[in-house]
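Below you'll find the structure, written out as structure tokens, and then a few comments.
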Amino acid sequence: MPAERFVRALREAGWATLVVAGLSFPIIAYRAEPDFNNLLALQPRWPLFWQFCAAAFLLRFLLAFWSGDETKAKAPREKNWPKLPWLGPLALVFLTIYPLAVVALLGPQAALKWVDTYGVQILIYVLLGWGLNITVGLAGLLDLGYAAFYAVGAYAYALLAPATGLGFWALLPVCGLLAAFWGFCIGFPILRLRGDYLAIVTLAFAEIVRIVLINWDVVTHGEAGLFGFPGLNFFGLPFIPGPRGFAAHFGLPFQGIQKQIFLYYLVLVLALLANLVSLRLRRLPLGRAWEALREDEIACRALGLDTRNIKLTAFALGAFFAGIAGCLFALRQGFVSPSAFTFSESALILAIVVLGGGGSQLGVAVAAVFLVGASELLRELTFLKSVFGENFDPAQYRMLLVGLAMVAMMNFRPRGLVSTRAPTIKLGATS
Amino acid sequence: MEIFLQQLINGVTLGSIYGLIAIGYTMVFGIIGMVNFAHGDVFMLSAFIALLLLLLLTQMLGLAAAPAFVVALVASMALTALWNFAIERVAYRRLRGSFRLAPLISAIGMSTFLANFVTVTQGPNNKSIPPMWDQVIAITSGGAYDVTLSYKQILIVAVTGALLAAFWFVVQKTPLGRAQRACEQDAKMAALLGVDVNRTVALTFVIGAALAAVAGSLYLLQYGVVKSSDGFVPGVKAFTAAVLGGIGSLPGAVLGGLLIGLIETMWGQYFGSDYKDVAAFSVLAITLIFMPSGLMGRPDVEKV
């Protein structure tokens, strides 16, 4: 009955509008800003309020009108994405030629941003995502303090490079091992806790690490952070102008972007290494044990698996890659400070894994490109500023959308958006 | 000695606020077994709603501060309850049968959303209101330091005590409380016996949010300042309080809140305020590792 459906949809929409009006009444309709006397004054924003109400009404109405037809039984719809075996190699080829192509197309000056912000930064997040995927996606241990291990890697490099005089090739594994050691130390006492308690304790430890970094001025220089530590070099050749630099040695003209391109390939190789390690480990007894643990811990214990050691390896290996990523972060920025390792950083990395559909390598990479790349891209679009006003900052909206996306993922596709997270082997599966 | 006494008073005040937030954690955990990670941000949101309403009433309608605060408190309770009702409906209800970490991840998403929603709509900086009700009672005088007890502090402790008593009564004696305890023990069986599980869970969220709104308004009154990142740390501390008191237990939550408030202020006084958050987070880790059932909770048996 279209008429009946129309009335029902109208009623549903009316309720939804009332709820949205209640939710947004003071917080959207008014904004409190300090005036000249530094007292808070209210700025009314009623048009925005009415827009929210209208949007809620329309959305709910259309949704109720279209899905309200209950004569059609809803068939359970489990759509799997088509398998695309050529996508991985294609992506690899693209990633390999990407920085050179950008330089060839845009010239070395304009390409810097594309190699650094879009290349190196996103690849570091891909590496972090693949690392956390071992802990969260494979072993099913929710780690809310991943940024702490990332911080350990970054600070390890920033502190050890000037103190020991070692180059970054020597320090890279040291950073990873130190982070893995921290993962081991933090993981050891907490791994017998149930899942959500474990998550909260990792969060508490990460906050403790961050507070120590802020307050231990003698070593970490507090909020100001550390800088001026030795940067990247090409197997001993520094990226400087002059006869002793990389460019002169190979007879090339000196360009600032050479360092970024080298860093890009370095991060790419390390990220692929992390990918290879987790892909291979999934086929080893250890990886099988991780997945079994994720699916049912009590059954694992009943089968005689040493759950503590299995969890510890997942935790420490995840932390190891965070340490590597931290070292690369320090090299990219040339500067480390505690503000880069807050809880929202952990939440962003977790969102990458969750949106990628925990356990899927390609999904995590796509999610990292999307979450990190999209917000950087939004920053570029200047016309958005003319639409949303001068102080429109997409970075603020990024975390807002990340939060909503995590909620939506859990509600609609808890096993992953890009691919489905299925156990690698399954009893009774026909192949 | 005077300083100790003063910090005792401050600690109990702060602890009462943590206790009110902790009740929301403990009730939700008790009934559906999830860590409602967004609850701290609901607290922050309620403080913002109270702040805006307070400004609206005093500036636009010209009310005096005291009645305006009472109206803002009650209205903030209602609006925050509506928020938490909507949050439960949108973010958690569908997940009750999902895998166990799903509600927690959804709650983390919701927490991120709420914190950034307030940042986007109200700006990231501190919002401070002029101090209200600054009258104090001098407890000792003439010593090295005058110990004072402000009217606000008395109000906060009295409100917490009264609300704890009221909700203790609700949970123990009313049909709603019986339904809550039934869902806590076995939701499926309760549903078979005619308890509306969805309604009971929704009411639990509504009550938790109303208490968080009381905490948010009192926090605004006591400290006079709130910002959009204020949900996270008080939220984690209130969760610590809930765990320390024994998650699932109402008096435990308030006891835990008082202990956390005291630990934090005493640590700040005697060991410097740099590491006072470390003290609270350490209590959280130590409690969960060594004493996961808390002071007044029942041991948690994992069922297959």
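We name chains A, B, ... by the order of the sequence lines, and we start the count at 1 in each one.
- Both the backbone and the side chain of A/V212 have a heavy atom closer than 4.5 Å to some heavy atom of chain B.
- With a threshold of 4.5 angstrom between heavy atoms, A/L48 does not approach chain B through any atom at all.
- Side-chain contact between A/V209 and B/F281 is absent, with no heavy-atom pair separated by less than 4.5 Å.
- Neither the backbone nor the side chain of A/R210 comes within contact range of chain B; no heavy atoms are under 4.5 Å apart.
- Heavy-atom pairs under 4.5 Å with chain A were tallied for B/A91, B/S282, B/A280; the largest tally goes to B/A91.
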Verdict with reasoning, B/S106 to A/N411, per side-chain contact (heavy atoms from CB on, under 4.5 Å): CA-CA 8 Å; B/S106 186; A/N411 275 283; 4.1 Å; yes
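- Among the candidates A/D196, A/I211, A/L40, A/I208, the residue making the largest number of heavy-atom pairs closer than 4.5 Å to chain B is A/L40.
- A donor-acceptor distance shorter than 3.5 angstrom exists from the side chain of B/Q122 to the backbone of A/I27, with no hydrogens or angles considered.
- Contact of A/I214 with chain B is not made at all, since no heavy-atom distance falls under 4.5 Å.
- Remark: B/L104 CG to A/L144 CG distance equals 6.0 Å, nearest 0.5 Å.
- For A/L193, the part lying near chain B is the side chain, with the backbone staying farther off; criterion is any non-hydrogen pair under 4.5 Å.
- One finds the CZ atom of A/R398 at 10.0 Å from the CG atom of B/N116 (value rounded to the nearest 0.5 Å).
- Rounding to the nearest 0.5 Å places CD1 of B/I289 at 7.5 Å from CZ of A/R192.
- When each of A/Q43, A/M410, A/E207 is scored by its heavy-atom pairs under 4.5 Å with chain B, the top score falls to A/M410.
- Among A/A32, A/A29, A/A204, A/S344, the residue with the largest count of heavy-atom pairs under 4.5 Å with chain B is A/A32.
- Inter-residue side-chain proximity for B/F117 and A/Y397 is flagged as unmet; no heavy-atom pair is nearer than 4.5 Å.
- Shown here for A/W216 and B/Y275, the closest heavy-atom pair between the two residues is N-OH, 3.8 Å.
- Neither the backbone nor the side chain of A/L198 comes within contact range of chain B; no heavy atom of the residue lies under 4.5 Å from a heavy atom of that chain.
- Residues of residues 35-50 of chain B that come within less than 4.5 angstrom of chain A, heavy atom to heavy atom, are B/V35, B/F37, B/L45, B/F48, B/I49 in numerical order.
- Here B/I105 is the residue among B/I105, B/L53, B/L284 with the most heavy-atom pairs under 4.5 Å with chain A.
- The greatest number of non-hydrogen atom pairs below 4.5 Å with chain A, out of B/D274, B/V278, B/T112, B/D277, is found for B/D274.
- Residue contact with chain B, scored on non-hydrogen atoms closer than 4.5 Å, involves the side chain of A/A199 exclusively.
- Between the B/R94 side chain and the A/F412 main chain, no donor and acceptor come within less than 3.5 Å of each other.
- To the nearest 0.5 angstrom, A/L141 atom CG is 9.0 Å from B/L101 atom CG.
- Expressed to the nearest 0.5 Å, how far CG of B/N125 lies from CD of A/E33 amounts to 5.5 Å.
- Proximity to chain A at a heavy-atom threshold of 4.5 Å picks out B/L79, B/L82, B/W83, B/A86 from residues 75-86 of chain B, in numerical order.
- Proximity to chain A among residues 228-242 of chain B is limited to B/F232, B/V236, B/F239, judged by heavy-atom separations below 4.5 angstrom.
- Every residue two or more places apart in sequence or in another chain was checked for a side chain to side chain donor-acceptor pair (under 3.5 Å) with A/T220, and none qualifies.
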